[in-house]
Amino acid sequence: MPLLWTEEDHGVGAKRARIGGAETPGVTAHDWRYRRWRGCRPADGVLGGVWPYVVGVLVLGGVAVGGWWLWRTDRLIKGGDRRWQQDEAVKAGHRTPAEVDAMTGTEFEDFVVDLCRRDGSTDVRKGGGSHDNGADVLGVHPDGRSMVIQCKRYTPKSKIPSREVRDPLGAMVHFKADVAIFVATTYFSGPAEKSATENGILAVHRDHLGLWNNGASLLSLGAVNGLGQGDRRHRERWKETCE
């Protein structure tokens with residue numbers, strides 16, 4: 001309905017509003033303009049209601065960032081500690097080629113047991129001596145499979161013949177193991193190495209024993225199984241890593 005401004009009031013251009021013919025006393029033109037202007041502004045409670053949510057989001061974001069930073073710092077510290085412990089374990093168990101060659105058969109078996117435990121093998125124990133059924137060492141491989149290990153401490157100039165590769169195969173069947181490993185202080189003959197790899201035996205010859213002794217893991221040796229032994233390249237690698 002039309003709005004009519006009538007009657008001066010209060011002597012300062014104030015007017016009364018007439019709506020539909022009815023007067024609205026006490027409402028001045030100034031009051032009317034102020035109220036219309038107020039009607040264009042956001043309600044006072046809107047911004048007041050938003051701020052708690054904004055503050056809450058900022059607080060939660062800060063807590064999340066702080067928690068992530070603490071988690072990452074903890075992981076870095078633990079990772080560095082594990083690497084340090086591994087390095088110390090390698091240094092503590094490291095033996096020179098001359099020291100390994102001077103070991104007795106029993107000492108060499110103990111040496112292999114220590115290397116297995118260093119790399120995370122569990123339930124590692126020695127077999128039964130002369131009646132060990134081809135298993136000088138028994139245990140659980142780092143990947144969770146059961147394993148049998150045949151250990152041979154021979155002079156560096158000797159060769160492991162093919163017939164001896166059958167011993168860990170028989171031990172694997174006898175003990176119902178998943179993995180058979182043959183560890184030697186020397187090299188395998190060509191047919192012996194071929195027979196070992198074809199039958200799934202991990203043939204750890206002198207070069208790979210040096211790598212293992214120097215810190216390479218038992219798991220990593222599987223990747224180089226049957227890839228050569230005893231040539232000049234391997235002897236140089238043995239010298240660089242083990243002496």
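These values consider heavy atoms only, across backbone and side chains, with no hydrogens, waters or symmetry-generated copies. Residues take their numbers from the sequence shown, with the count starting at 1. Quick caveat: nothing in here was measured; it's all calculated off a predicted structure.
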Do [X] and [Y] have side-chain heavy atoms sitting under 4.5 Å apart?
X: Ser146; Y: Lys176; answer: no
X: Ile181; Y: Pro168; answer: no
X: Arg166; Y: Ser195; answer: no
X: Asn213; Y: His94; answer: yes
X: Thr186; Y: Arg206; answer: no
X: Trp212; Y: Asp119; answer: yes
X: Ile149; Y: Val183; answer: yes
X: Ile160; Y: Phe182; answer: yes

Distance in Å, [X] [atom1] paired with [Y] [atom2], rounded so as to fall on 0.5 Å steps:
X: Glu109; Y: Asp136; atom1: CD; atom2: CG; result: 4.0 Å
X: Leu209; Y: Thr185; atom1: CG; atom2: OG1; result: 7.5 Å
X: Glu164; Y: Lys152; atom1: CD; atom2: NZ; result: 4.5 Å

Quick one: side chain to side chain donor-acceptor pair (under 3.5 Å) partners of Asp143, sequence neighbours excluded? His141, Arg145
If every non-hydrogen atom of Ala184 is compared with every non-hydrogen atom of Phe108, which pair is closest and at what distance? C-CZ, 4.4 Å
Non-hydrogen atoms of Met147 and Ser121 that approach each other most closely: CE-OG, 3.6 Å
Excluding sequence neighbours, so at least two apart, what forms side chain to side chain contact (heavy atoms under 4.5 Å, CB included) with [X]?
X: Val113; value: Arg117, Val124, Lys126, Val137
X: Ser220; value: Ala216, Ser217
X: Thr197; value: Asn225
X: Ala192; value: Ser162, Val165, Phe188, Ser189

Which residues satisfy the salt bridge (charged side-chain N to carboxylate O under 4.0 Å, His left out) test with Arg125, sequence neighbours excluded? Asp123
Carboxylate-amine/guanidinium proximity below 4.0 Å for Asp101 and Arg95: no
Where do Ile201 and Leu169 land on the side-chain contact (heavy atoms from CB on, under 4.5 Å) test, with the steps shown first? CA-CA 8 Å; Ile201 298 174; Leu169 281 176; 3.5 Å; yes
Side-chain heavy atoms nearer than 4.5 Å, only ILVMFWY residues, links allowed to pass through others: does that put Met103 and Leu115 together? yes
